[in-house]
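Everything on this sheet refers to the single structure shown next.
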Amino acid sequence: MMFSADGMFLPKPRLFKRQSFNFLASFHPQKSAPKPPHLPLLADKCTSMNQLKQIHAQMIVSDRIHDDYAASRIISFCALSDSGDLNYALKVFNTTRAPNSFMFNTMIRAQASSSNPFEAIILYIKMRKLGLIPGKYTFPFVLKACINCCSLNPSKQIHADVVKFGLELDMYIVNGLIRCYCICGDMGAARKLFEEVPEWKLLIWTAIISGYARNFCSNEALALFDQMLGQGVEPDAATLSSVLSACARSGSLEMGKQVHVYIKEKRIEVGLILGTALVDMYAKNGEISVARSLFDKMAERNTASWNAMICGLAVHGHAEEAFRLFQEMQKAKIAPNYVTFVGVLSACCHAGLLEVGKEIFLSMKRVYGIEPGIEHYGCMVNLLGRGGKLAEAEELINGMLCEPDIVVLGALLGACKDH
DNA sequence: AGATATCCCC
């Protein structure tokens, strides 16, 4: 390959100069007998959009762009490669006269994990209207789009299509369907699919276990995990993070510890997510020092990792430490989110820090652009009420965007009784 | 003549 180190073919691309196609020229070693380069294959060898655009230009000039295979290679690179460009892929796709199912699959796959997953569903509908047959490389991605959109209705429609096209036994597709139903909270539908799977691969176990864990059905999640181990299936990091989440929420410290031992024994890599799950499990179960030492050892931490530790400290009465960690989090330039402030404000509640709490509460929207939710109001009413500021607490409740719940009103009533 | 999936914090 003749690519230069910076991925550019030329020091500086100049319009209308022969050199502009230097890269392509490099595939004509003999001037006497120039052999046309195989453009579609060349598209696969690109490492940058710059290179791809030159090949695309050549395809247009030589009229090869109307060749299905050639256009597919261009779309595939732009849509899926790391150095691609989804908008460019869309432009090429939209100007293709008769996109085939490979192109649709590629675009659906790319759009499913984009910021506009719904576009993938729209593409799927277009594909069906054109009479193209969706296949095993269509459904996993359109289902992923459903998961990222969090919408149940198209999932049912797509489920019907899966059956219609006879693909209900494809592991990747069943996995997608189960996850769809789990995300939408329809554990009944998810379980039914799970029971019908002919062979329970790890993938499927993980889908159903994480579904139960995410929907706060910790006992079902742990029971299925037991069943899975009983069948000799070995869990991986993804399975174990869901199991740890179930242990965290159900107070199953012993089970959580066993999982930790298993991770050590099997030398499973503890990355960001599994690390966070461990910290959360120990923190929620009151093993703050274990949680803390694991947290400190993490090579990478995201907002969720900090949240697990901060909330754990706050709930177990270590308000000062929770604050200190919140400050460290900001120093580390990790953006706090909604959950972070639930932790920080509940630390204020535990420590009775009214003024600090007020300041943080106001900063939520002003500094971080996060609209306070019911949990944050709950903390504030609690703080104001305990400080005897009943009128202020009532005023705060009246100004809420959401309806006050039992926690908020209970905090106010309790304060009224005390004062 | 072409490719696939999962997980954490409320």
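The sequence lines fix the lettering, A, B, ..., with proteins before strands; numbering per chain opens at 1.
Ring orientation note: the planes of A:Tyr377 and A:Phe361 are nearly perpendicular, at an angle over 60° on the 30°/60° scale.
Within the structure, ring-ring contact (aromatic ring centres under 6.0 Å, His included) pairs that include any residue of residues 234-280 of chain A comprise A:His260-A:Tyr282 (at least two apart or interchain). Among residue pairs with one or both ends in residues 108-122 of chain A, those qualifying as side-chain hydrogen bond (donor to acceptor under 3.5 Å, both in side chains) are A:Gln111-A:Ser114; sequence neighbours excluded. Contacts classified as ring-ring contact (aromatic ring centres under 6.0 Å, His included) and involving residues 204-248 of chain A (residues at least two apart or in different chains) are given here: A:Phe194-A:Trp205, A:Trp200-A:Trp205. Identified under the ring-ring contact (aromatic ring centres under 6.0 Å, His included) test for residues 42-72 of chain A, with sequence neighbours left out: A:His56-A:Tyr88. Here side-chain hydrogen bond (donor to acceptor under 3.5 Å, both in side chains) pairs that include residues 215-234 of chain A, with residues two or more places apart or in two chains, are A:Glu234-A:Lys266.
Taking the side chain as every heavy atom from C-beta outward, A:Leu222 and A:Val243 approach each other to under 4.5 Å.
Remark: A:Thr206, A:Ser210, A:Arg214 in residues 206-232 of chain A come within less than 4.0 Å of DNA chain B through at least one heavy atom. Near DNA chain B, defined here as any heavy-atom distance below 4.0 Å, the residues from residues 251-285 of chain A are A:Ile273, A:Thr276, A:Asp280, A:Lys284, listed numerically. Against DNA chain B, the stretch residues 113-127 of chain A makes no heavy-atom approach under 4.0 Å.
Counting any heavy atom pair closer than 4.0 Å across all strands shown, A:Tyr338 reaches no nucleic acid atom. A:Arg73 comes within 4.0 angstrom of a base, heavy atoms only. In this structure, A:Asn105 reaches the bases: a heavy-atom distance under 4.0 Å links it to at least one base atom across the strands shown. At the heavy-atom level, A:Phe139 lies nowhere under 4.0 Å from the strands shown. At a threshold of 4.0 angstrom between heavy atoms, the contacts of A:Asn337 include nucleobase atoms, whether or not backbone atoms are also involved.
Contacts of A:His316 classified as ring-ring contact (aromatic ring centres under 6.0 Å, His included), with partners at least two apart in sequence or in another chain: none. Judged as a ring-ring contact (aromatic ring centres under 6.0 Å, His included), and not counting sequence neighbours, A:Tyr172 has no contacts.
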Show me the side-chain donor-acceptor pairs of residues 339-349 of chain A shorter than 3.5 Å, one per line, residues at least two apart or across chains.
unit_1   : atom_1 : unit_2   : atom_2 : d
A:Thr340 : OG1    : A:Asn307 : OD1    : 2.6
A:Thr340 : OG1    : A:Asn337 : N      : 2.9
A:Thr340 : OG1    : A:Asn337 : O      : 3.4
A:Thr340 : OG1    : A:Asn337 : OD1    : 3.1
A:Ser346 : OG     : A:Val342 : O      : 3.0
A:Ser346 : OG     : A:Gly343 : O      : 3.0

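None of A:Glu321, A:Gln327, A:Glu320 except one satisfies the side-chain hydrogen bond (donor to acceptor under 3.5 Å, both in side chains) rule with A:Arg324; the exception is A:Glu321.
Checked by atom type, the side-chain pair A:Thr47/A:Gln51 shows a donor-acceptor distance below 3.5 Å.
Protein chain A touches strand DNA chain B; the 5'-most and 3'-most nucleotides with an atom under 4.0 angstrom of its non-hydrogen atoms are B:dA1 to B:dC10.
By the neighbour-count criterion of 12 heavy atoms within 6.0 Å, atom CD of A:Glu269 is sparsely surrounded, having that number or fewer from other residues, nucleotides or ligands.
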